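Please read the structure below before turning to the comments.
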Amino acid sequence: MPRTPFKRLSLRAITLSTVAFTGIAVTAGVAWAAFTDNMYPTQYSNGHCTDESGPNGWISCLTDNSTVTYYMDSGGTNQLEPEDRTVVINVMNSIYGPTDLSVSLDTSPTFSGSAETDIVYEESGIGVPDTASGATFCNDAVNELRCDQQYIRILGGGHYVKGLVCHETGHAVGLLHGNRSDPLVSNTDERLGCMETPTSDGEVLQDNNIDNINGTY
Ligand SMILES: [Zn+2]
């Protein structure tokens, strides 16, 4: 006889915890498979999104929204050769296109105002560290999180390859190296895909980067 109320209480507790669990499961939505958070900002990516006149070594901005327009310099000393342009277009269509980002080539780029072309590719070594073949920097910060226009500089002489274009484009949408990820991982962890550094020619995004992109945009 004293057991009955006890049993009821117990059943009710189980029911409540089931409801709570279901609520959490629904909120979480798509399964999160990423092994590390390598999307700016993390506790290791100190520095904040600001206007830069050239590469400063800090990767510190998201792009301003999920619609990513890009332009490739087509005149003067920083222009991309046809083969470089083909690599960029292929990376954007086949590697970034399937993510939640909406990517498109902008043949009439905008360099001022509040809706600038998001990524500008140049063939240039200006400001690129001696130890690197490419660099990315924000030219027009919206706030401490987001940037309206990012520049990617990649050296000439055959450096415009899939892996490096994927890598620098990753920085332009906020992806970080392993040593800025949370939890920290090796810069050469294979699961970082093209965000490994140094970057192999054939690398693509892989699951961790895709999960971080789709969880952000
Ligand atoms: Zn990098």
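No experiment lies behind these values; they were computed from the predicted model shown. One-based numbering, in listed order, for ligands and for the atoms of each. Throughout, residue positions are numbered sequentially from 1 according to the sequence presented.
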Review point. Passes side-chain hydrogen bond (donor to acceptor under 3.5 Å, both in side chains), T69 versus D118? Steps please.
Key: CA-CA 5 Å; T69 55; D118 294 300; 3.2 Å; yes
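- At least one side-chain heavy atom of V88 sits less than 4.5 Å from a side-chain heavy atom of Y70.
- Under the 30°/60° scheme for interplanar angles, the aromatic rings of Y151 and F137 are found to lie parallel.
- For the pair D84 and H159, the minimum side-chain heavy-atom distance is 4.5 Å or more.
- Because its NZ or CZ atom is not both nearer than 6.0 Å to the ring centre of Y44 and within 45° of the ring axis, R180 does not count as a cation-pi partner of that residue.
- Around the Zn ion (ligand 1), the protein atoms of type N, O or S found under 2.8 Å away are H167 NE2, H171 NE2, H177 NE2, listed by chain and number.
- The residue from N212, V68, L101 that alone fulfils the side-chain contact (heavy atoms from CB on, under 4.5 Å) condition with Y217 is L101.
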